[in-house]
There are 2 protein chains.
Amino acid sequence: MKEGPDISRVATLIGDPARANILTALMTGVALTATELAVEAGVTPQTASGHLAKLVDGGLLQVRKQGRHKYFALAHGDVAVALESLMGLASDMRRTRTGPKDLALRRARVCYNHLAGQMGVKMFASLTQRGFLRDDVDAPVLTDTGRAFVTEFGVDLAALDAMRAPLCRSCLDWSERRTHLAGSLGRAMLARMEERRWVQRDNQSRALIFNAQGTTAFEGAFPVE
Amino acid sequence: MKEGPDISRVATLIGDPARANILTALMTGVALTATELAVEAGVTPQTASGHLAKLVDGGLLQVRKQGRHKYFALAHGDVAVALESLMGLASDMRRTRTGPKDLALRRARVCYNHLAGQMGVKMFASLTQRGFLRDDVDAPVLTDTGRAFVTEFGVDLAALDAMRAPLCRSCLDWSERRTHLAGSLGRAMLARMEERRWVQRDNQSRALIFNAQGTTAFEGAFPVE
DNA sequence: TTCATACTTCGACCGTAGCCGAAGCATCTA
DNA sequence: TAGATGCTTCGGCTACGGTCGAAGTATGAA
């Protein structure tokens, strides 16, 4: 016993319902203030304050102070990946009644600011099949034809390259159990779709709602097989 | 709030130190009896019994009854993957003193019966670089030349194909943060190395100890770059 | 300066869950 | 049949951690 990193400490951190709600809320990728997160978690500000301190101390959240507000966000993408993998286990469990809201989430949702769900997986598959993305040892790699494609799509690759964050990352979908595209490129692709008004975020949840034109355009842009 | 699967329940399950020890012990891939796990977790049999029931009920463990013994194992590979991703987060945290035992674990260890750690990552990289393994959308795929290679290595591919379990899977290493080879092929490769007496398991931990000849042979079989 | 807002600290309360001793089944051995 | 051995159930103890009200510290607005 007592070998390797201590799982139980992190798991305990995630295990409290209020903290789990906070983490889930931050899966969208946006930064939220302490009071906003208190509402999200369904507890009073004092209680939330304690939880947030623990999460930051545990390395799961990062915090930025701005005036009298404190903005919290996930510490890094790995946290989101780990949370998704836990969701994968949780969705296995019995008594998982799938409501209509759940269906929307399975179809398309935001995961740390990139596209996840059936449509996320479809996009990833399309890019790979057409040779735009190559799934390398560590992470997916954008090929030359792929760079041309996403530039055409309207993504400013030069700006993304300038950032230190990794361009491509893969993330395992809890609902689909397949890979979708994360990383700064994944975020940029979703941002572009929002700019083009293909898709709109649901204010209440992580669900993404594609309108009629958006759906058609998506199918055209990311054909599969 | 209350969207997607309920993370907190699974996380709470993993969050108790005794249960975390149990899960970690089962990461080797072997099935253990209730009393063995009680010792591993450092609690009395009664207490362990309760924990084990919860883990089975939560879908994290599977159980097989054999005479008056009960053998417990991880429910499926996804559980191991999720645990590894939690370890990845945990190893980030401060106050992670890395002892000598930890070093051995980082070098080579068993992860659900396949090879993990630096040497696991190295093997995966070597196989990919030489075109034996192609990292596809879902999971790695063994190429034709790859099939020839592993057959030459002494793995009975026909037997593996006959099993329903997936041949190749990738698993993210908590210590290396890179991919290594899991799935039935991953297990077969490690088994073959043990047959050849390249490597021996440590009884006390998940560490794998390569002897001198084993190390040399490994370097020869899986060159990198 | 004065008031409002955002967040934190303190203290007390309470519930839950882990823990073990004792006793109870179930299964194998002699 | 009697006696081990492996696992489970029960009951009661304990402690830890989540919760909120009240009060305290920052920052910004009037």
Side-chain angles (χ1 to χ4, degrees), chain A residues 1-2 6-26 30-73 75 90 93, chain B residues 1-2 6-26 30-73 75 90 93:
Chain A
M1 64 190 106
K2 209 182 181 190
D6 182 12
I7 311 186
S8 68
R9 207 154 42 191
V10 208
T12 305
L13 225 41
I14 307 174
D16 175 79
R19 286 194 294 260
N21 283 338
I22 289 174
L23 291 168
T24 308
L26 293 173
V30 295
L32 297 173
T33 67
T35 358
E36 284 168 336
L37 288 170
V39 175
E40 204 69 43
V43 291
T44 58
Q46 314 87 293
T47 308
S49 176
H51 287 312
L52 289 168
K54 286 184 185 177
L55 288 169
V56 171
D57 184 59
L60 296 185
L61 295 188
Q62 60 176 128
V63 59
R64 199 183 24 153
K65 206 173 170 183
Q66 204 168 78
R68 57 180 166 179
H69 295 276
K70 263 190 164 179
Y71 283 94
F72 294 87
M93 300 170 67
Chain B
M1 63 189 109
K2 210 185 180 189
D6 182 10
I7 311 186
S8 69
R9 207 155 40 190
V10 208
T12 304
L13 226 40
I14 307 174
D16 176 79
R19 287 194 294 261
N21 283 338
I22 289 174
L23 291 167
T24 309
L26 293 174
V30 295
L32 297 173
T33 67
T35 358
E36 284 169 336
L37 288 170
V39 174
E40 204 70 43
V43 292
T44 58
Q46 314 86 292
T47 308
S49 176
H51 286 312
L52 290 168
K54 286 183 186 177
L55 288 170
V56 171
D57 184 59
L60 296 186
L61 295 188
Q62 60 177 128
V63 58
R64 198 182 25 148
K65 207 173 168 183
Q66 206 168 78
R68 56 181 164 181
H69 296 276
K70 262 189 163 181
Y71 284 92
F72 294 87
M93 300 169 67

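Throughout, protein chains are lettered first and strands after them, A, B, ... in sequence-line order, and every chain is numbered starting at 1. This is a predicted model, so every value here is computed, not measured.
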**Item:** Nearest atoms (heavy-atom pairs only) where A75(A) meets Q62(A)
**Value:** O-OE1, 3.5 Å

**Prompt:** Quick one: side-chain contact (heavy atoms from CB on, under 4.5 Å) partners of A25(B), sequence neighbours excluded?
**Reply:** L32(B), L37(B), E40(B)

**Whole-Å distance separating the NZ atom of K54(B) from the C1' atom of dT8(D)** = 14 Å

**Request:** Mind checking side-chain contact (heavy atoms from CB on, under 4.5 Å) for T33(A) and listing every partner two or more places apart, or none if nothing turns up?
**Result:** T35(A), E36(A), H69(A), Y71(A)

**Message:** Test of understanding: with side-chain contact (heavy atoms from CB on, under 4.5 Å), list the residues that count as partners of A48(B), not counting sequence neighbours.
**Reply:** A38(B), V43(B)

**Message:** Run the side-chain contact (heavy atoms from CB on, under 4.5 Å) test against S8(A) and tell me which residues pass, sequence neighbours left out.
**Reply:** D6(A), P17(B), A20(B)

**Request:** Could you check how far CG of D57(A) sits from P of dG17(D), rounded to whole Å?
**Result:** 13 Å

**Asked** Of the options I14(B), L60(B), L26(B), which is the one that meets L55(B) in a side-chain contact (heavy atoms from CB on, under 4.5 Å)?
**Response** L60(B)

**Prompt:** Is a donor on one side and an acceptor on the other found under 3.5 Å between the side chain of R19(A) and the backbone of L13(A)?
**Reply:** yes

**Fill in**
The first and last nucleotides of DNA chain C lying within contact of chain A, meaning any atom under 4.0 Å from one of its heavy atoms, run from dA4(C) to dT9(C)

**Request:** Sugar-phosphate means primed atoms, P, OP1 and OP2; the rest is base. With that split, encode nucleotides 19-30 of chain D 5' to 3' as B, S or - using protein heavy atoms under 4.0 Å.
**Result:** SBBB----BS--

**Message:** If I take atom CD in residue E36(B) and atom P in nucleotide dT5(D), what distance separates them, rounded to the nearest angstrom?
**Reply:** 16 Å

**Message:** So which atom in A31(A) and which in A73(A) form the shortest heavy-atom distance, rounded to 0.1 Å?
**Reply:** CB-CB, 4.2 Å

